[in-house]
Amino acid sequence: MGIKPLGSRVVIEKCQAEEKTEGGLILTSSAKEKPQMAEVVAVGPGTKDEPMELSAGDKIIFAKYAGTDIKLDGKEYTVMNQSDILAKVE
């Protein structure tokens, strides 16, 4: 992994959007809902005011329009502030 986030930022890899509906209909790329669940790939050290609560490998749910999308080595990642993460999935 070539990305090391700074401060209280995290790097996530989004889960894939659903290809089919429960009824079996295949969705086009424009009809797929943007996923809001992801896996944490890397975390920053945190700050004095906001200690890091996550670690790599955690599954999370994040705010819909949060973060900055980047592409590295053919994979897509999102870098966001820890405060944009709504919940940790256990």
Side-chain angles (χ1 to χ4, degrees):
M1 178 69 177
I3 303 173
K4 178 66 179 158
L6 303 175
S8 61
R9 291 180 184 84
V10 298
V11 178
I12 62 168
E13 188 172 8
K14 295 178 183 174
C15 297
Q16 295 296 321
E18 291 294 323
E19 299 286 330
K20 286 185 180 179
T21 64
E22 288 182 23
L25 296 174
I26 297 174
L27 299 171
T28 64
S29 60
S30 61
K32 292 178 190 172
E33 189 169 321
K34 200 171 178 182
Q36 286 181 260
M37 188 176 285
E39 182 175 342
V40 176
V41 178
V43 298
T47 63
K48 187 171 30 170
D49 296 328
E50 187 177 1
M52 186 52 63
E53 298 179 44
L54 300 167
S55 58
D58 287 345
K59 300 271 192 230
I60 54 115
I61 297 172
F62 58 94
K64 196 167 199 154
Y65 299 105
T68 302
D69 294 329
I70 58 170
K71 197 170 198 175
L72 180 70
D73 298 330
K75 286 189 158 187
E76 291 187 20
Y77 301 99
T78 302
V79 179
M80 66 177 52
N81 289 317
Q82 179 179 236
S83 60
D84 291 329
I85 295 172
L86 306 174
K88 191 161 118 175
V89 180
E90 295 181 355

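Because the structure is predicted, anything quoted here is derived from the model rather than measured.
- Across all non-hydrogen atoms, the minimal contact from A42 to I3 is CB-O, 3.9 Å.
- Two residues are said to be in side-chain contact when any heavy atoms from C-beta on lie closer than 4.5 Å; L54 and M52 meet this criterion.
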Output side-chain donor-acceptor pairs under 3.5 Å for residues 81-90, partner residues at least two apart or in another chain, one line each.
unit_1, atom_1, unit_2, atom_2, d
Q82, OE1, E53, N, 2.7
Q82, NE2, E50, OE2, 3.3
Q82, NE2, P51, O, 3.1

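- The side chain to side chain contact (heavy atoms under 4.5 Å, CB included) test applied to K71 returns E76, not counting sequence neighbours.
- Minimum interatomic distance between A38 and I12 (heavy atoms only, all atoms of both residues): CB-CD1, 3.7 Å.
- Residues P5 and V43 come closest through the heavy atom pair CG-C, 3.4 Å.
- Within the structure, salt bridge (charged side-chain N to carboxylate O under 4.0 Å, His left out) contacts touching residues 40-49 (residues at least two apart or in different chains) do not occur.
- Among all heavy-atom pairs drawn from F62 and M80, the shortest one is CD1-CE, 3.6 Å.
- Atom CD of residue Q36 and atom NZ of residue K64 lie 5.5 Å apart, to the nearest 0.5 angstrom.
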